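See structure below.
Every heavy atom of this structure was used, including side-chain atoms; hydrogens, water molecules and symmetry mates were not. All values reported here derive from a predicted model rather than from experimental measurement.
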Amino acid sequence: MVQQLSLFSSINDEAYDLFLATMTTSFGTAPIMFANLSTVWKPDPNYEVAATNTKNQLIEQTRIKVSKNMPMEMITNINGKIIDYKLLPTLNTDTLPIDPILIDKIINNQLTTSIDSVSSSNWAFAISDIPAAGSNRKVSMQTITESIILETAGPNASLNNFMKELYYVSEYQYLTIGVKFHLRHNIIVELQKVWDVNSKSQVTKNGYLIKTYTNANKSTNLDQINHGEQQLLNLQKDLQGYVDLKIPDRKSMDSRMEYDNNQSI
């Protein structure tokens, strides 16, 4: 379980080169390409769940996110290009850059490929709380409980069957491709494009989502939390004039079933 402190922003497609140049020059770190496949699951509606337990305490049903790293070699329109930060601006259309059939095969453990990193990359299983409330907060703070699925055993082993045994069904999937910067004090800055796999459309068309974050190991480690918050605020000040880092609406990050977040990611 970690406490994730974060700030968000966005830029348009034309500002990409300037943002990367600013980050590289100001912080002396190079961008690293990454791609993630995230699947979101909800409780199976065919089963009834009691609203309260034996102590009359409210039980809230929560979505679960299961994700894994994707090899950049699976992007369909690379066509022999060098895989570096120059690739991202070429992915500015609605077209899903990875074949959705391959995504389905990955989820169902049916992929046969020479790309070993697909099968060797484990799924990360995460449940998150709604970010902490408070009008005086300067950064978003969210509790995230995460574990690694080491193996889905059995003759029909797959992520789908694993989640089915937990009485969860698939709700939607999304693909994230971007670049990240690892800064001092464990601050990470991600610049990303996001596609809705189900509709095969780009959520971030004409721009990029920016996420800056750091993790505190325990909610009781106030020194680490305060230090992380201060470093994010320092970054916010350093980037002022280029991007405006802000706290997002906490409801957009709420994974509870009671809140209809319109498939927020």
Side-chain angles (χ1 to χ4, degrees), residues 1-36 38 84-89 91-92 126 128-144 146 176-194 202-255 261 264-265:
M1 178 184 295
V2 299
Q3 295 290 320
Q4 186 168 97
L5 312 176
S6 59
L7 291 169
F8 290 79
S9 188
S10 62
I11 58 173
N12 57 35
D13 283 342
E14 291 72 24
Y16 177 80
D17 289 335
L18 176 60
F19 182 80
L20 260 64
T22 300
M23 293 297 299
T24 303
T25 302
S26 300
F27 302 101
T29 181
I32 302 171
M33 288 289 298
F34 73 92
N36 292 325
S38 297
D84 61 13
Y85 65 92
K86 296 179 182 178
L87 172 66
L88 199 54
L91 307 177
N92 57 2
S128 57
D129 290 340
I130 184 172
S135 58
N136 294 326
R137 292 194 177 278
K138 298 179 180 179
V139 303
S140 175
M141 185 167 72
Q142 183 177 34
T143 301
I144 301 176
E146 186 174 83
T176 304
I177 300 177
V179 296
K180 64 174 64 177
F181 297 87
H182 291 268
L183 309 184
R184 296 178 58 189
H185 307 291
N186 297 317
I187 300 294
I188 297 176
V189 178
E190 293 182 350
L191 183 68
Q192 53 193 245
K193 283 189 171 292
V194 184
Q202 186 181 149
V203 180
T204 52
K205 192 173 182 180
N206 300 321
Y208 298 86
L209 173 67
I210 298 175
K211 177 182 180 180
T212 66
Y213 66 97
T214 186
N215 294 330
N217 295 330
K218 296 180 180 179
S219 60
T220 54
N221 192 337
L222 298 182
D223 288 340
Q224 188 178 17
I225 290 175
N226 291 335
H227 178 73
E229 177 178 335
Q230 187 57 54
Q231 295 308 316
L232 283 176
L233 294 176
N234 289 343
L235 178 63
Q236 181 187 54
K237 183 177 180 181
D238 290 340
L239 293 179
Q240 189 173 7
Y242 295 100
V243 294
D244 187 14
L245 294 172
K246 295 181 178 180
I247 301 176
D249 183 345
R250 61 192 292 267
K251 290 183 179 180
S252 69
M253 302 169 71
D254 190 355
S255 62
N261 60 7
S264 172
I265 55 178

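When side chains are defined from C-beta on, Q231 does not count as touching T214, because their heavy atoms never get closer than 4.5 Å. The closest side-chain heavy-atom distance from D13 to K193 is below 4.5 Å. Between E146 and V2 there is no side-chain heavy-atom pair separated by less than 4.5 Å.
Y208 approaches P89 most closely through the heavy-atom pair OH-CA, 3.5 Å. Minimum interatomic distance between Q202 and G207 (heavy atoms only, all atoms of both residues): OE1-O, 4.2 Å. When all heavy atoms of K211 and Q4 are compared, the closest pair comes out as NZ-OE1, 3.0 Å. Between Q3 and S219, the shortest heavy-atom distance links the atoms NE2-CB, 3.3 Å. Counting all heavy atoms, side chain and backbone alike, T24 lies closest to P31 at OG1-CD, 4.1 Å. Between S9 and L209, the shortest heavy-atom distance links the atoms O-CD1, 3.6 Å.
When atom types are taken as modelled, the side chain of E229 and the backbone of K138 share no donor-acceptor pair closer than 3.5 angstrom. Using a distance-only test at 3.5 Å, with no hydrogens or angles considered, a donor-acceptor pair links the side chain of S255 to the main chain of S128.
Enclosure of atom CZ in F27 by more than 12 non-hydrogen atoms of other residues, nucleotides or ligands within 6.0 angstrom is indicated.
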Donor-acceptor list for residues 232-246 side chains, cut-off 3.5 Å, not counting sequence neighbours:
{"residue": "N234", "atom": "OD1", "partner": "Q230", "partner atom": "NE2", "Å": "3.0"}
{"residue": "N234", "atom": "ND2", "partner": "Q230", "partner atom": "O", "Å": "3.4"}
{"residue": "Q236", "atom": "NE2", "partner": "L245", "partner atom": "O", "Å": "2.7"}

Review item, side-chain donor-acceptor pairs of residues 176-191, under 3.5 Å, at least two apart:
{"residue": "H185", "atom": "ND1", "partner": "H227", "partner atom": "NE2", "Å": "3.4"}
{"residue": "E190", "atom": "OE1", "partner": "Q192", "partner atom": "NE2", "Å": "2.9"}
{"residue": "E190", "atom": "OE2", "partner": "Y213", "partner atom": "OH", "Å": "3.1"}

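Going from atom CD1 of I130 over to atom OG1 of T143 covers 11.5 Å, rounded to the nearest 0.5 Å. Note that CZ of F8 is 7.5 Å distant from OG1 of T212, once rounded to the nearest 0.5 Å. For the atom pair CE (M141) and OG (S6), the distance works out to 10.5 Å, reported to the nearest 0.5 Å. Atoms CE and CG, from M1 and N215 in turn, are 13.0 Å apart once rounded to the nearest 0.5 Å. The structure places CG of N12 at 12.5 Å from CZ of F19, a figure rounded to the nearest 0.5 Å. Atom CD1 of I210 and atom OG1 of T204 lie 11.5 Å apart (nearest 0.5 Å).
For D17, there are no side chain to side chain donor-acceptor pair (under 3.5 Å) partners at least two apart in sequence or on another chain.
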